[in-house]
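Single-structure report; data block below.
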Amino acid sequence: MCESSRDDFVQVVPNFFSRGPVQIRTPFTHNESAGTAVHSDPQPAWTRAEVEALFALPFNDLLHRAQSVHRQRHDANAIQLSTLLSIKTGGCPEDCAYCPQAARYHTGVENEPLLPLEDVVAAARAAKENGATRFCMGAAWRGPKQKDLEQVAERVKAVKALGLETCATLGLLREGQAELLKAAGLDYYNHNLDTAPEFYGDIITTREYGDRLATLERVRRAGISVCCGGIVGMGESRAQRAGLIAQLASLDPQPESVPINDLVQVEGTPLHGLPRLDWSEFVRTIACARITMPAAFVRLSAGRAEMPEAVQALCFLAGANSIFYGDKLLTTGNPEAERDRALLEKLGIHPL
Ligand code: SAM
Ligand code: DTB
Ligand code: SF4
């Protein structure tokens with residue numbers, strides 16, 4: 001992408017987190033020897049053009065470079081395990097075109113009110129016994145009302161008391177809400193940018209990109225770690241995948257955790273029936289996330305149920321070092337825990 005269109009992009013979407021206009025440092029060239037030149041700036045802001053250049057590398061060069069970056073900051077044979085639980089399911093007023101929980105699509109997901117505290121604690125205890133270190137509670141809300149938030153805070157406190165890291169994904173937060181979650185012991189808040197700014201309107205119309213950035217800023221200011229990523233395979237172009245990664249990488253500070261989801265196509269949602277993203281493009285996206293956000297935990301997130309083990313292994317080689325672990329995501333399937341344990345053992349990867 002040329003410089004002038006990058007400027008347009010910056011004007012359209014103010015980046016609330018970047019330290020001013022993004023600068024192109026050490027231009028990255030296609031014939032650079034893989035793995036030799038890793039940006040030395042501890043927290044570079046990546047331009048979309050630079051990320052596009054990464055995407056365009058020969059696959060082996062890209063993976064070598066990602067693996068080299070990965071090894072500078074992480075144990076290459078270790079992986080973090082997070083277990084998800086939907087604590088409030090379905091009936092959501094938003095129109096996210098990928099989501100089986102949006103009330104307006106007929107997907108067969110049954111609406112359920114907030115799960116009782118005991119059920120949440122039982123699920124968290126089971127997750128811990130199975131080897132997860134983080135427990136993530138998801139709710140199908142546009143955002144929590146004050147009463148909802150107080151009830152979630154109770155659940156966060158109880159999960160934290162089990163010795164697990166806590167994460168919540170509840171939608172948009174208003175002023176003061178993140179502080180309440182922090183006080184309850186919330187370690188991470190998941191709120192995704194989902195896609196590139198200029199594709200976002202094709203996917204969601206009921207809330208804006210800027211609303212998401214504002215929630216992320218509130219989370220950050222409250223001292224909660226940020227879990228922020230997106231979804232690929234929604235019909236976006238490679239340039240738009242690069243745009244998503246550049247946007248994530250220019251959050252300042254960068255997110256501690258970056259979930260990369262491969263769209264789970266659910267019948268009844270507008271995105272059902274799209275051509276599947278080629279596996280190599282998914283692996284490239286993971287590699288670009290790793291290179292541009294070296295300190296982050298990059299999570300190979302939704303989409304693993306239909307992903308061959310060999311592709312998952314390539315994602316780990318590309319720098320993914322976290323997965324959702326447990327038989328279910330929120331409403332859709334995930335590989336069985338036993339199968340995941342066998343895969344990790346086969347690869348000599350140990351859980352963190
Ligand atoms: N309602 C809250 C919100 O939207 O922020 C929290 C829950 S929402 C289900 C959390 C994230 O799950 C979404 O931002 C999206 O990135 C991801 N997600 C939802 N449906 C998905 C699907 N079918 N495939 C892949 N990722 C999905
Ligand atoms: C994230 O990035 N992916 C997770 C989690 N954060 C909340 C959700 C995936 C949901 C997949 C569809 C479903 O199971 O409903
Ligand atoms: Fe609602 Fe979240 Fe699904 Fe969007 S992604 S429809 S906000 S539950």
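Order of appearance sets the numbers: ligands from 1, and atoms from 1 within every ligand. Computed from a prediction, not measured in an experiment: that's the story for all the values here.
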Which residue and atom name correspond to the protein heavy atom nearest [atom], and how close is it?
atom: atom 9 (C) of ligand 1; value: L330 CD1, 3.5 Å
atom: atom 8 (C) of ligand 2; value: L330 CD1, 3.9 Å
atom: atom 4 (O) of ligand 1; value: R207 NH2, 3.9 Å
atom: atom 13 (C) of ligand 1; value: Y98 OH, 3.7 Å
atom: atom 7 (S) of ligand 3; value: R207 NH2, 2.7 Å
atom: atom 4 (Fe) of ligand 3; value: C96 SG, 2.3 Å
atom: atom 6 (N) of ligand 2; value: N190 OD1, 3.1 Å
atom: atom 17 (C) of ligand 1; value: I231 CD1, 4.2 Å
atom: atom 8 (S) of ligand 3; value: A140 CA, 3.6 Å

Against heavy atoms of [X], which atoms of ligand 2 measure under 4.0 Å?
X: P259; value: 2 (O)
X: N192; value: 1 (C), 2 (O)
X: T169; value: 7 (C)
X: T331; value: 13 (C), 14 (O), 15 (O)

Count the heavy atoms belonging to other residues, nucleotides or ligands that lie under 6.0 Å from CD of E306, then report whether that count exceeds 12.
no

How about E336: does its CD atom have over 12 heavy atoms from other parts shown lying under 6.0 Å from it?
no

Going by heavy atoms in the side chains, are [X] and [Y] under 4.5 Å from each other?
X: R104; Y: D95; value: yes
X: I323; Y: F316; value: yes
X: V266; Y: H272; value: no
X: V219; Y: H191; value: no
X: L193; Y: L244; value: yes
X: F297; Y: L352; value: yes

Taking only heavy atoms of Y98, which atoms of ligand 3 are found under 4.0 Å from at least one of them?
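Numbered from 1, ligand 3 contributes 5 (S).
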
Checking the N or O distance criterion of under 3.5 Å, is ligand 1 in contact with [X]?
X: N192; answer: yes
X: Q101; answer: no
X: N190; answer: no
X: A139; answer: yes
X: D262; answer: no

Does NZ or CZ of R304 come closer than 6.0 Å to the centre of the six-membered ring of F324, within 45° of the ring's axis?
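No, R304 does not lie over the aromatic ring of F324.
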
Could you check whether any heavy atom of [X] sits closer than 4.0 Å to an atom of ligand 2, since that is the contact criterion I want to use?
X: F324; answer: yes
X: P100; answer: yes
X: L84; answer: yes

Any idea which heavy atoms bring L277 and F282 closest together, and the distance?
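What the structure gives for the nearest pair is CD2-N, 4.0 Å.
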
Those atoms of ligand 1 less than 4.0 Å from some heavy atom in [X]:
X: H191; value: 5 (O)
X: A302; value: 25 (C)
X: G171; value: 2 (C), 3 (C), 5 (O)
X: W141; value: 1 (N), 2 (C)

Output yes when the distance from some N or O of ligand 2 to some N or O of Q101 is under 3.5 Å, and no in every other case.
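No; every N/O pair is 3.5 Å or more apart.
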
Quick one: does N261 get an N or O within less than 3.5 Å of an N or O on ligand 2?
yes

side-chain contact (heavy atoms from CB on, under 4.5 Å) test vs R290 passes for just one of V298, T285, I245, V258, namely V298

Under a plain distance cut-off of 3.5 Å, with no hydrogens placed, do E236 and T195 share a side-chain donor-acceptor pair?
no

At under 4.0 Å between heavy atoms, which part of T169 makes contact with ligand 1: side chain, backbone, both or neither?
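The answer is both.
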
If you measure from the Lys or Arg side-chain nitrogens to the Asp or Glu carboxylate oxygens, is any gap between E150 and R155 under 4.0 Å?
no

Heavy atoms only, cut-off 4.0 Å: how does T332 contact ligand 2, side chain, backbone, both, or neither?
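Both parts.
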
Taking atom 26 (N) of ligand 1 as the reference point, report whether a protein heavy atom occurs under 4.0 Å from it.
yes

Does the protein put any heavy atom within less than 4.0 Å of atom 2 (Fe) of ligand 3?
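No, there is none.
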
With atom 22 (C) of ligand 1 as the reference point, say which of T269, V264, L329 has the nearest heavy atom.
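When every heavy atom of T269, V264, L329 is considered, V264 comes closest to atom 22 (C) of ligand 1.
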
Counting heavy atoms only, which of I203, D194, L193 comes nearest to atom 14 (O) of ligand 1?
D194

Value rounded to 0.5 Å, distance of CZ in R284 from CG in L54
10.5 Å

